[in-house]
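Residue numbers start from 1 in every chain, and the chains themselves are labelled A, B, ... in the order their sequence lines are given, proteins ahead of strands.
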Amino acid sequence: MALKTEQMTGLERIVAALQHKEADRVPAGPLVCGAARRVYGITYDEWAQDADLAVQSMVHAHKLIGMDGVLMLVDLSIEAADFGQSMVYPIEDTPHPVYRDPILKSVEDYAKIEYIDPRKAKRMQHMVKYTDGVMKALGKETGVMSFVYGPLGILSMMRSAEKLFLDCMKHPEAVIAAEEVITEVLLEQIRALGETGVHAIVLDTLFASGSIMSKQLWKKMEGPFTTKLADECRKVGALPIVHNCGNNVYFDVQIEAMQPAAISFAYLPDDCKTPQELKEKYGDKVCLIGYVPPSPDMMMHSPEQVKEICREEIQVLAPGGGYILSTGCEFPPNGPLLNAIAMMEAAEEYGRYPIVQ
Amino acid sequence: MASDERKQELFKELKEGVIEYEEDRVTTAAQAVLSEGFDAYEGIMDGLAAGMEVVGELFDQQEYFVPEVLMCADALYAGLDILRPHVNMEGREAVKGEVVIGVVEGDVHDIGKNLVKMMFEVAGFTVHDLGADVPIDEFVEKQISTNSDIVALSAMMTTTMMGMKKAIVKLKEKNPNVMIMLGGAPVTGEIADMFGADGYSENASNAVSEAIKMVGALRRM
């Protein structure tokens, strides 16, 4: 259901937004990831493990929904699995670690993490092939963003979030030593992704939010590593984009650490009370991507309600460019696809520049 | 030192030990409460729980975050493990209520659930923790076997959140009077209403006040 009345390509719109310019209309793209498998009629476990099927799923989802940009998020355990974490691949749900059997069972285990070559690692290679396939199929006209989970996030998948948080407080040096090894692997993964020509790489730094930890602790525990990752993205020609779907997300320290081209967010930053304040404070510093809530809006509301929420966000965040209409996090893998289409319709109906107030 | 003065000093140690997440300090103070013959229940309520109340405020004010709260919880449990076996409930009000708590099937994210459980425990509820990835029928069976007032369900994902709706139908079918509260990242007050829950908790600190209201409502029925 690609909309017919458009003039610019999705990629051109996104480039304009990243340059803080107004395109023909607001670029838009609900973060349809796991839901794409339903368009192609395959199971979640197939989609998460077979790159060719994943590419076909995204191509078909793109044809149906017409996103201006697509995100290559599969799940948050891609890297952890390659470090040896045992996994579950449910038929109808997001793959995840066997949480009862974390590979990091004690603080001492952090020191056992060894460098692995991402070019030979199964799941990280899945990400590269998936990115490569989608770039070849859609990359000329659609923004393509690959995905890398931050080092603290990866450790949470191998240790359990609760234990990792306690370790950050009690044994920060052990955690940081493990992050150093993981970061080297991620740098090589970014180089491999860069070879696909992907337009952008999304770095997920979930822990830099009020939902999780203080700014001071994040700056100590993950900030320096994210600087290296973002710099490497730029070196390989891919724009670094931050995704953080936590509450009270820390725009300031993440911009300082990564200088991202854009931030994809689900909730307002800790230092902004309204979307107007967000636009005023950060609108010229970073492109804003968001922030329609996957739940309850995309999951439970009607397409008409979704369009109304999109209209409200466009009105505040779109004027002057620097804004991509999107969901604040992954579109619910089990959510109604009509709501993803509704977001694209809203961009067309309410997002034509200049925005009419 | 006068006995009452000493008691207050020890309770202050418990309270501050929790706030400053100093496990050893709490352990020492809790042992002193027992060895010096003070009341264990008072130590829990006026020391540990009072400390956790401040922690909840610090969390609300964004002074403390999840790692700090988890550290405080460890300190609190260090004291609770020492004092709880010595609590004498004779002559006191009965416990506030009983709660069955767990993370719904398919979901294993349990930090929020564990914090809510801790708040219930320090508030004097009896808590039946089913853990994570709990099949719906297990909630139903546990509620019936314990005749609990409240069932608290948690989910972190939209996929598993839908299991809450089924759980509510089954629980209410077996016992229409049971109060059900929901929590977890994708859950909102609107979704709790839509699913037919009686309460919704945005975070651990308001879960208990919400539960107390629900138990009150239940007892007036």
List the steps and the verdict of ring-ring contact (aromatic ring centres under 6.0 Å, His included) for A:Phe165 and A:Phe207.
-> CA-CA 10 Å; A:Phe165 295 152; A:Phe207 291 10; 5.5 Å; yes

Of the non-hydrogen atoms in A:Gly328 and A:Ala266, which two are nearest, and what is the gap between them?
->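 The answer is O-CB, 3.4 Å.
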
Work out which heavy atom in A:Ala80 is nearest to a heavy atom in A:Met158; give both atom names and the distance.
->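 So the minimum-distance heavy-atom pair works out to CB-CG, 3.7 Å.
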
For B:Leu70, is it the side chain, the backbone, both or neither that has a heavy atom under 4.5 Å from a heavy atom of chain A?
->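 When you check distances to chain A, atoms from both the backbone and side chain of B:Leu70 fall under 4.5 Å.
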
Nearest-0.5 Å distance, [atom1] of residue [X] to [atom2] of residue [Y]:
| X | Y | atom1 | atom2 | value |
| --- | --- | --- | --- | --- |
| A:Met298 | A:Cys329 | CE | SG | 12.0 Å |
| A:Ser264 | A:Leu31 | OG | CG | 5.5 Å |
| A:Met67 | A:Phe331 | CE | CZ | 10.0 Å |

Heavy-atom side-chain proximity of A:Tyr149 to A:Leu206 below 4.5 angstrom =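 Touching, per the 4.5 Å side-chain cut-off.
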
Of the backbone (N, CA, C, O) and the side chain (C-beta and beyond), which part of A:Leu164 lies under 4.5 Å from a heavy atom of chain B, both, or neither?
->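 Looking at A:Leu164, nothing touches chain B.
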
Proximity breakdown for A:Met213 and chain B, heavy-atom pairs closer than 4.5 Å =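 Both parts, heavy atoms under 4.5 Å.
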
All donor-acceptor atom pairs under 3.5 Å, backbone and side chain, chain A-chain B:
residue, atom, partner, partner atom, Å
A:Asp93, OD1, B:Thr159, OG1, 3.0
A:Arg100, NH2, B:Ala132, O, 3.3
A:Glu162, OE1, B:Asn114, ND2, 3.2
A:Ile212, O, B:Val66, N, 3.0
A:Ser295, OG, B:Pro186, O, 2.6
A:His301, NE2, B:Glu190, OE1, 3.4
A:His301, NE2, B:Glu190, OE2, 2.6
A:Asn334, OD1, B:Thr158, OG1, 3.3
A:Asn334, ND2, B:Thr158, O, 3.4

